[in-house]
Amino acid sequence: AALKTLMDTLTPPAPTTPAFDEARLIELIEQYSNPITTVRVETLDKPTVDIKGAHKALPRVISRLKLGINIYLYGPAGAGKTTLAVQCAEALSIPFYSTGAIMQKYELTGFINAAGDYVTTTFYEAYKNGGVFLFDEIDASIPSAPVAFNQAIENGRYTFPCGEVYMHPDFRVIAAANTAGTGATGQYKRQALDGATLDRFSRIKLAYDVKLERRLALEAFTRAGGVDNTLAAAWVDTVQQVRAKAEKLGLDVIISPRSSTRGCSILGIGASEKEAIEETFGPSLSTDQLKQLGL
């Protein structure tokens with residue numbers, strides 16, 4: 001529907017109608033273009049860095065990281081938590097490390113193998129050498145993992161299986177989750193984190209960054225071989241409209257920016273809008289929900 005609306009909007013007027021309104025043309029260009037947000041970050045003893053296509057929360061998060069404050073990012077799937085963490089590392093001119101949910105403590109701290117050698121982890125490397133460390137899906141990890149994590153980030157040194165290691169001055173921590181750490185929600189079945197863990201973080205809630213969503217989706221469309229960006233832009237409009245309608249109806253569904261990116265990739269290879277809808281929304285929405293959302 002959004003594709004048809006866009007094409008109808010851009011169709012040249014009939015000879016009997018007035019000439020195309022210049023103000024309307026500018027409005028359409030602004031609506032369907034891909035504005036890129038640039039954030040300039042200045043840090044002592046490090047080069048000034050311009051982050052193009054920056055997440056809208058980047059200035060806020062960077063200001064806390066500079067102070068050595070640990071950040072807990074939470075929000076819906078596809079809100080750009082990982083993208084934001086990567087941009088933080090780039091802005092601070094330090095390496096980026098990450099791990100997903102930890103199911104065994106050794107996945108965080110490493111272990112001594114049968115040959116007597118220490119097998120490191122991304123956490124160890126970041127802790128020892130400096131960098132932004134993203135502990136993704138912390139609320140899906142086993143309870144003992146955050147406990148070990150707490151000890152390391154609080155004390156400034158930690159005894160890994162290879163021995164005691166002091167925390168590097170450039171070590172920065174970002175934890176990410178779909179929940180605020182207080183337990184499961186209707187959409188995300190996650191465990192509650194204890195108060196000692198949450199007390200170590202400044203919690204920042206992320207909403208969808210619609211500009212970033214549009215930029216990433218259009219890039220996916222181009223990478224897939226797409227040429228006419230109006231198709232991709234209209235698809236992103238469709239996703240965002242469906243998301244808004246689902247929220248208004250109170251539907252317990254997740255329509256993340258990944259729907260925009262996936263659909264644009266499918267359209268980029270020449271597939272139909274029907275196929276994009278089936279493959280993007282079909283698996284997660286019931287027949288009734290699809291009807292409610294006009295799909």
Side-chain angles (χ1 to χ4, degrees), residues 1-9 31-32 34 55-57 73-84 100-101 136-140 176-192 204-221 223-224 226 228-295:
L3 287 171
K4 184 177 184 304
T5 300
L6 175 61
M7 296 307 294
D8 289 344
T9 303
Q31 180 179 357
Y32 292 106
N34 186 28
H55 192 289
K56 63 182 180 182
L73 301 175
Y74 70 100
K81 296 181 284 293
T82 300
T83 297
L84 176 54
D136 200 10
E137 297 196 54
I138 188 174
D139 57 348
N178 294 128
T179 71
T182 53
T185 66
Q187 295 176 327
Y188 304 103
K189 309 304 179 185
R190 298 289 189 265
Q191 66 178 3
I204 297 177
K205 184 177 182 179
L206 294 186
Y208 290 134
D209 185 334
V210 293
K211 286 187 177 181
L212 181 61
E213 174 182 10
R214 183 176 296 275
R215 180 176 68 82
L216 295 177
L218 293 180
E219 288 177 358
F221 179 76
R223 285 196 304 272
D228 185 1
N229 272 5
T230 57
L231 295 174
W235 173 260
V236 176
D237 287 343
T238 296
V239 172
Q240 294 178 349
Q241 290 164 10
V242 168
R243 181 187 302 142
K245 190 170 184 179
E247 292 175 356
K248 184 176 181 180
L249 294 173
L251 299 182
D252 188 15
V253 298
I254 298 174
I255 302 174
S256 78
R258 295 189 181 104
S259 298
S260 291
T261 302
R262 187 181 306 118
C264 280
S265 295
I266 294 169
L267 292 172
I269 62 173
S272 67
E273 183 186 17
K274 180 181 179 182
E275 290 175 312
I277 290 173
E278 289 175 349
E279 296 177 35
T280 301
F281 299 114
S284 56
L285 301 178
S286 67
T287 301
D288 288 343
Q289 288 172 335
L290 289 170
K291 289 181 180 178
Q292 285 180 285
L293 296 172
L295 297 170

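Heavy-atom basis, side chains included; hydrogens, waters and symmetry copies ignored.
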Worksheet item: So, His55 side chain and Thr82 main chain: donor-acceptor pair closer than 3.5 Å or not?
Response: no
Discussion item. For a quick test of reading the model, state the closest non-hydrogen atom pair linking Ala77 to Ile254 and the distance between them.
Written reply: CB-CG2, 4.2 Å
Worksheet item: Got a second to check how far Thr230's OG1 is from Asp237's CG, nearest 0.5 Å?
Response: 11.0 Å
Discussion item. Contact between Val210 and Arg214 at the side-chain level, heavy atoms closer than 4.5 Å - yes or no?
Written reply: no
Item to complete: Calculate, to the nearest 0.5 Å, the distance between atoms SG and CZ belonging to Cys264 and Arg223 respectively.
Response: 10.5 Å
Worksheet entry | Minimum-distance pair of heavy atoms, taken over all atoms of Ala276 and Gly263 | CB-O, 4.3 Å
Worksheet item: What residues, two or more places apart in sequence or in another chain, satisfy side-chain contact (heavy atoms from CB on, under 4.5 Å) together with Glu279?
Response: Ile266, Glu275
Worksheet entry | Pairwise distance OG1(Thr83) to CG(Leu216) - rounded to 0.5 angstrom | 6.0 Å
Fill in: Donor-acceptor pair, side chain of Lys81 and main chain of Pro76, under 3.5 angstrom
yes
Discussion item. Within the structure provided, determine whether Leu218 and Trp235 are in side-chain contact (heavy-atom separation under 4.5 Å).
Written reply: no
Fill in: Closest approach of Ala217 to Val236 (non-hydrogen atoms, all atoms of both residues)
CB-CG2, 3.6 Å
Discussion item. Can you confirm whether the side chains of Ser286 and Asp288 place a donor and an acceptor under 3.5 Å from each other?
Written reply: no
Worksheet item: Can you tell if the side chain of Leu293 reaches within under 4.5 Å of the side chain of Leu251, non-hydrogen atoms only?
Response: yes
Fill in: Rounded distance (nearest 0.5 Å) linking atom CD1 of Ile138 with atom OG1 of Thr179
10.0 Å
Item to complete: Could you tell me the separation between the OG1 atom of Thr261 and the CZ atom of Phe221, rounded to the nearest 0.5 Å?
Response: 13.0 Å
Item to complete: Measure the CZ-OG1 distance between Arg258 and Thr280 for me, rounded to the nearest 0.5 Å.
Response: 13.0 Å
Worksheet, complete the sentence: Residues passing the side chain to side chain donor-acceptor pair (under 3.5 Å) test with Arg243, sequence neighbours excluded, are Glu213
